2 protein chains.
Amino acid sequence: MNERKQKVMAAAHALFVEKGYAATSVQDILEKSGISKGTFYNYFPSKNELLMSIFEKINLETNERRAEVLAGRPVHDKEAFVEQIKVKLEVNKENNLFVLFQGVFVSEDAELKKFVKQHHFNELRWTQRRLIELFGEDVRPYSVDLAVTLYGVVQNTVHFLMAAEEQVELNAIIRYAMRRVETAVRDIVQTKDRLLDSRILERWQPEMALNREKKKSVLMQKIGAMQETAADDQQELLSFLQDELRASSPRLNIIQAVLNNVTDREELVTLIHDFVND
Amino acid sequence: MNERKQKVMAAAHALFVEKGYAATSVQDILEKSGISKGTFYNYFPSKNELLMSIFEKINLETNERRAEVLAGRPVHDKEAFVEQIKVKLEVNKENNLFVLFQGVFVSEDAELKKFVKQHHFNELRWTQRRLIELFGEDVRPYSVDLAVTLYGVVQNTVHFLMAAEEQVELNAIIRYAMRRVETAVRDIVQTKDRLLDSRILERWQPEMALNREKKKSVLMQKIGAMQETAADDQQELLSFLQDELRASSPRLNIIQAVLNNVTDREELVTLIHDFVND
DNA sequence: GATTTTTTTATACTATCGGTATAATATAAG
DNA sequence: CTTATATTATACCGATAGTATAAAAAAATC
């Protein structure tokens, strides 16, 4: 991406975190990044689209950090899960996402609302999947309930402490919530106490799945493009990546290992992380 | 209050619920209520102040409905508690408060933010107190944790279902959350697992207490003013109310009974409800 | 009933907002 | 060198919350 455009995004990002979305005018962004209004609207169709670009960037980074946390550890590692939750909360805090998301709900931009809603659903689906990995298939029927509960307790506690201007000990909060979930799991599995259909989120997936296909396509094209200018030994690595990514369940560790030996891999790493963590 | 002013509030309230706060312009309110801009800014110093007036009115009505629910039932009646929680959620839904509150956080009006924050703390304090009434003094050290948990699970589930455009069965959600809390209570009391200091909200009370003194003063003045134009038999009732309200723990049932025999009691009922439920 | 005071109205105004339009200028590519 | 693209400065649009003001209407006072 254009270096200059990235500079504008960084400036806007800083202003949004500092003053909030609504309180930051386009004029502020122009002055901070030293560009003209024409250039701004050449880069971004609207202020809302700029915000979405920033969200997307944050999201990519979050997924990468979460993948790193889990790397080399079993999926049922509870400590890894706590750390992964923590990553999200840290990102939220660093980027003042709580306030930014609220600004979105106030705006009348339907696309922006949908974007944030989808993001929330993705997070719940991720939590749901991870909880099943943690506690086993027995909890699958209750996985949405548990995800909503965990998410609710953690988020509500954090927001409360922030409103009360108290120190927020993320580790303590997450571990506390996890202890509550563990007790709830035993209780719920035994009494078969279910509130929501665990497949309720699948209805919100198709669009995502399409999106995934698109990402896959972009990824394959990128690898193809790289192959055209690559040396022979690189060719082999890239071909292998293509095959492995096309598999129904790509072996992530192997991909990671191969990726480390690809030159000029920056963009590719980003794309693959995005694809794999979707 | 001015009848005309109330009509404006009702019109604005309807528009806010229908279109949201930010999307409703002052001009919209003028047209719907058929007043001029000058009159509007004579009634309300700003659009934000109008919103606060509406919040306050909603809050009074919520407290009244909650008091009615509990009337004549023991404080440890779990079903009554469920109904009281439901009252709040219904009010939130009817008035689209979730979106309205978010609009507040986006606005840069510090007073408005403070107002909503205080409202949230009051709700938590209320939940905390009721949970102790329900589960006994043993849970007091953990009452904030439990209140935040209950609140978090219920609110998050409701918001999720609304976002997913699913039907929201308030009763089922609240009862589910209560079952989780009951299990958590046993677990927590046994393991002495505490996250937050149960007195954490007391720090946010002094201002409330001042506010309460102010309400008391307004109430006493109102009764005094009514005495000046009242008949002798009314005088006695009003004097009794003053004495009783000054007591450290006013006997609510008796106040209610006496109040029923006061003529022209509308405003008084509102003030007393507000004071008593604070 | 006349006079005074208060409330309401209509209208024009300010400053700011997100976004558009355009003509001139600078930079890069062919 | 020429052409195409990117950037700039600037004026503009419609909508926003809120202010100012003078005239008209309503209410209160004498």
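Being a predicted model, the structure only gives us computed values, none of them experimental.
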Of the listed nucleotides [options], the one nearest the side chain of [X]:
X: A:Asn2; options: D:dG18, D:dT7, C:dG18; answer: D:dT7
X: A:Thr39; options: C:dT8, C:dG18, D:dT8; answer: D:dT8
X: B:Asn42; options: C:dG19, D:dG18, C:dT8; answer: C:dT8
X: A:Tyr41; options: D:dT7, D:dA17, C:dG18; answer: C:dG18
X: B:Lys37; options: C:dT8, D:dT7, D:dG18; answer: D:dG18

Rounded to whole Å, please give me the gap between [atom1] in [X] and [atom2] in [N].
X: B:Lys5; N: C:dT7; atom1: NZ; atom2: P; result: 12 Å
X: A:Leu30; N: C:dC17; atom1: CG; atom2: P; result: 11 Å
X: A:Phe40; N: C:dG18; atom1: CZ; atom2: C1'; result: 9 Å
X: B:Phe44; N: C:dT8; atom1: CZ; atom2: C1'; result: 15 Å
X: B:Ile35; N: D:dA24; atom1: CD1; atom2: C1'; result: 17 Å
X: B:Glu31; N: C:dT9; atom1: CD; atom2: P; result: 14 Å
X: B:Lys47; N: C:dT16; atom1: NZ; atom2: P; result: 19 Å
X: B:Gln27; N: D:dG18; atom1: CD; atom2: C1'; result: 12 Å

Item to check | Side-chain donor/acceptor of B:Asn95 to backbone N/O of B:Leu97, under 3.5 Å | outcome: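 No, B:Asn95 side chain to B:Leu97 backbone: no donor-acceptor pair under 3.5 Å.
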Checklist entry - Is A:Gln84 reaching over with its side chain to a backbone N or O of A:Arg66, donor-acceptor style, under 3.5 angstrom? => result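 The answer is yes, because a donor-acceptor pair under 3.5 Å joins these two groups.
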Checklist entry - Which word best sums up how the rings of B:Phe16 and B:Tyr21 line up, parallel for under 30°, tilted for 30 to 60°, or perpendicular for over 60°? => result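 The arrangement is perpendicular - the two ring planes meet at more than 60°.
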Next on the checklist: In terms of relative ring orientation, are A:His120 and B:Phe160 parallel, tilted or perpendicular, with 30° and 60° separating the classes?
Outcome noted: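 Ring orientation, 0 to 90° scale: perpendicular.
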Next on the checklist: Taking the nucleotide of DNA chain C with the nearest heavy atom to each, does B:Ser36 or A:Val26 sit closer to the 5' end?
Outcome noted: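 Checking each residue's closest nucleotide, the 5'-ward one belongs to B:Ser36.
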Next on the checklist: Looking at C:dT27, I'd like to know if its phosphate oxygens (OP1 or OP2) sit under 4.0 Å from a side-chain N or O belonging to A:Arg4.
Outcome noted: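 Answer no for this pair, as no side-chain N or O of A:Arg4 is under 4.0 Å from OP1 or OP2.
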Checklist entry - Is there a side-chain polar atom (N or O) of B:Tyr43 under 4.0 Å from OP1 or OP2 of C:dT7? => result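 So the side chain of B:Tyr43 is outside the cut-off, no N or O lying under 4.0 Å from OP1 or OP2 of C:dT7.
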Next on the checklist: Before you tell me yes or no, could you show the steps for A:Asp28 and A:Ser25 under side chain to side chain donor-acceptor pair (under 3.5 Å), namely the whole-Å CA-CA distance, both residues' side-chain angles and the distance that decides it to 0.1 Å?
Outcome noted: CA-CA 5 Å; A:Asp28 292 336; A:Ser25 67; 3.2 Å; yes
